[in-house]
2 protein chains.
Amino acid sequence: MPRHPVSYVAVDVAAFTIADDELVVLVVERGVGPFRGALALPGGFVLPDETLEEAARRELREETGVDEPVLEQLRSYGAPARDPRARTVSVAHLAVLSEPVSPVAGTDAASAAWRAVADVRRAGLAFDHEEILDDAVERLASKLEYTAVATAFLAEEFTLAELRSVYEVVWGRPLDAGNFQRKVRASLDWVEPTGELRAAGRGRPASLFRPVKSGTAALDSPLVRSSW
Amino acid sequence: MPRHPVSYVAVDVAAFTIADDELVVLVVERGVGPFRGALALPGGFVLPDETLEEAARRELREETGVDEPVLEQLRSYGAPARDPRARTVSVAHLAVLSEPVSPVAGTDAASAAWRAVADVRRAGLAFDHEEILDDAVERLASKLEYTAVATAFLAEEFTLAELRSVYEVVWGRPLDAGNFQRKVRASLDWVEPTGELRAAGRGRPASLFRPVKSGTAALDSPLVRSSW
DNA sequence: TAAATAGTGTCTCTAAGACACTATCAT
DNA sequence: ATGATAGTGTCTTAGAGACACTATTTA
């Protein structure tokens, strides 16, 4: 295609999990310029034979070794000067992992680590990655309402207290345990009891549940963040 | 940036309006190969100094002359072989116009025209534009629920029957006129009465309204597509 | 007058949230 | 027993939807 401008196409990944009741995001410290030494979201260029999603999965695998994370496209960022080296369009992705797997330092990164979202916002991010992070967090909070994505933060079996905690951490406010219990048990899709219990030291043991709908499948009856 | 693959980056626009109580989309007939003669969404390559959104607005302006449409990014499409000529990533956009402005044939297009979405689906579209169209329609239906986008289909002043018709056309089902009336009037953001009436032949004249929130601003209280 | 369209009243049903209560565990 | 956590009951309130009704116009 003659006379048409070309561009670099990258993928960046905002990968989240929960550690110590805090929402944490995977960041790398840039080992090369531009923004050398600054924090950034993991990412890289799309290879000739990859789809965008495959590229994002590969980048995340390179940093974490995780093979099948819940991952979906967020949106693309294409301000002309967002990368000072050359015109680069980034297709950002949102990923959710069930635990903060110890990250592996990748090619471009001096180091990779899980950091609390609030800390990362304070520290700042390279390129326009802070905007990407903000968009990703908002999308995540919103997807908790009407998809089954919350279970992606948890192990294969979990208690309703653990599930509720995901909502509380991401939404940043407490939910009524009783109402949450009733609401979740009433929805026939989403999760089902395994029939087993798990004792957690003191207190009545909790029923264990497993996901019915996985990943980002839509819920029949959403769990809405109320206006307040 | 040596040794990194480059790509063409295009924008495609799914531009909608309503004509004769039908949802119509702007399509062009391709004047050059590949898919010569087939229908496609209007689009083109992003220029070096444009943002993605600016490129989409430019493409739409070239086809319609419209300057300030409601327009937002939909998502990106990047299957390796989606364009047989060369690796091309398309950043699709969703636009809403208040009337089917007579289209101008652009550079790449033998002709441009507004066609009913159902017809276009039957006729088929070039590239992966049918997938883009489906995603755009679904996004549009969904945005009617929680944003003020419905007013973008209408003139500066409109009746509630006209506003309701937008919902009925996009959602493909009738809404109760009385409940719609009450719901819309109750929401303080969104629309406000101008104080004037418009007689439409027979029947009681309707109050005119104007938008308060424009474009894709979020509504305080969503107008939900019920499960049924 | 009748027909048509705009707009209101009102009833029912569902679901969310507050919060008291019961159940089952460890110590 | 006490404290802690899981889970249920129940009341209130808000909102959606169905649908009957009133209001205001043209023919």
Side-chain angles (χ1 to χ4, degrees), chain A residues 21 144-146 150 154 157-168 171-210 218-228, chain B residues 21 141-142 144-146 150 154 157-169 171-210 219-228:
Chain A
D21 285 333
L144 284 190
E145 295 189 53
Y146 58 93
L154 301 172
E157 300 195 342
F158 48 84
T159 67
L160 294 189
E162 290 168 340
L163 185 60
R164 178 164 47 83
S165 173
V166 171
Y167 281 86
E168 294 178 332
W171 287 354
R173 67 186 186 83
L175 299 180
D176 182 276
N179 293 334
F180 186 86
Q181 179 99 216
R182 198 185 357 260
K183 170 84 184 172
V184 172
R185 290 183 109 106
S187 82
L188 299 173
D189 57 339
W190 202 12
V191 301
E192 64 184 5
T194 67
E196 291 179 4
L197 303 180
R198 178 200 289 165
R202 51 198 171 287
R204 172 172 169 180
S207 298
L208 286 175
F209 288 77
R210 74 169 76 86
L219 293 178
D220 282 351
S221 52
L223 210 153
V224 180
R225 269 183 294 182
S226 60
S227 30
W228 115 268
Chain B
D21 284 333
S142 159
L144 284 189
E145 295 188 53
Y146 59 92
L154 300 173
E157 299 195 342
F158 49 84
T159 67
L160 293 189
E162 289 168 340
L163 185 61
R164 179 164 46 83
S165 172
V166 172
Y167 281 85
E168 294 178 331
V169 166
W171 288 353
R173 67 185 185 82
L175 299 180
D176 182 278
N179 292 335
F180 187 87
Q181 179 98 215
R182 195 180 4 252
K183 170 85 183 172
V184 172
R185 292 182 108 106
S187 83
L188 299 173
D189 57 340
W190 200 13
V191 300
E192 65 184 7
T194 67
E196 291 180 3
L197 301 180
R198 179 201 290 165
R202 52 200 171 287
R204 174 173 168 180
S207 299
L208 286 175
F209 288 77
R210 74 170 77 88
L219 293 178
D220 282 351
S221 51
L223 210 154
V224 179
R225 268 185 293 183
S226 60
S227 32
W228 159 250

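Chain letters run A, B, ... following the sequence lines, proteins first, then strands; residues in each count from 1.
Per the geometry, CG belonging to Leu163(A) stands 17 Å off C1' belonging to dT5(D), to the nearest Å. Regarding Asn179(A), its CG atom lies at a distance of 18 Å from the P atom of dT14(C), rounded to whole Å. Atom CD in Glu145(B) sits roughly 14 Å away from atom C1' in dA16(D) (whole-Å rounding). Rounded to an integer number of Å, the gap from Leu208(A) CG to dG7(D) C1' is 15 Å. At whole-Å resolution of the value, CG in Leu219(B) and P in dA16(D) are 12 Å apart. Atoms CZ (Arg225(A)) and P (dA16(C)) sit 16 Å apart, rounded to a whole Å. Regarding Arg173(A), its CZ atom lies at a distance of 13 Å from the P atom of dA16(C), rounded to whole Å. With rounding to whole Å, Glu162(B) atom CD is found 13 Å from dT5(C) atom C1'.
Comparing atom distances between the Arg185(B) side chain and each of dG7(C), dG7(D), dA6(D) picks out dG7(C) as nearest. The nucleotide whose nearest atom lies closest to any side-chain atom of Ala161(B) is, among dA6(C), dA16(D), dA18(D), dA6(C). Relative to the side chain of Arg182(B), the nucleotides dG7(D), dA18(D), dG7(C) differ in distance, and dA18(D) lies closest.
Counting heavy-atom neighbours within 6.0 Å of Arg202(B) CZ, excluding the residue itself, gives a total of 12 or less.
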Atom pairs, N/O to N/O, protein against nucleotides 24-27 of chain D, distance under 3.5 Å?
unit_1  : atom_1 : unit_2    : atom_2 : d
dT24(D) : O2     : Arg204(B) : N      : 3.2
dT25(D) : O2     : Gly203(B) : N      : 3.2

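Ser207(B) comes within 4.0 angstrom of the backbone, heavy atoms only, and of no base.
Comparing Lys183(B) and Leu160(A) by the nucleotide of DNA chain D that holds the closest heavy atom to each, the one mapping nearer the 5' end is Leu160(A). Across the interface with DNA chain D, nearest-nucleotide mapping of Ala177(A) and Ala200(A) shows Ala200(A) to be the residue nearer the 5′ end.
Look at Glu196(B) and Arg210(B) and you find no salt bridge, because none of the NZ, NE, NH1 or NH2 atoms lies under 4.0 Å from a carboxylate O. Under a 4.0 Å N-O distance rule, the pair Arg198(B)/Glu162(B) qualifies as a salt bridge. One finds no salt bridge joining Glu168(A) and Arg173(A) here, because no Lys/Arg side-chain nitrogen approaches an Asp/Glu carboxylate oxygen to under 4.0 Å.
Aromatic ring pairs are classed by plane angle as parallel below 30°, tilted from 30° to 60° and perpendicular above 60°; the pair Phe158(B) and Phe209(B) is parallel.
For the pair Lys183(A) (side chain) and Pro222(A) (backbone), a donor-acceptor distance under 3.5 Å is present. Put simply, the side chain of Asp189(A) never gets that close to the backbone of Leu219(A): no donor and acceptor are under 3.5 Å apart.
A donor N or O paired with an acceptor N or O is not found under 3.5 Å between the base of dA16(C) and the side-chain atoms of Asp176(A).
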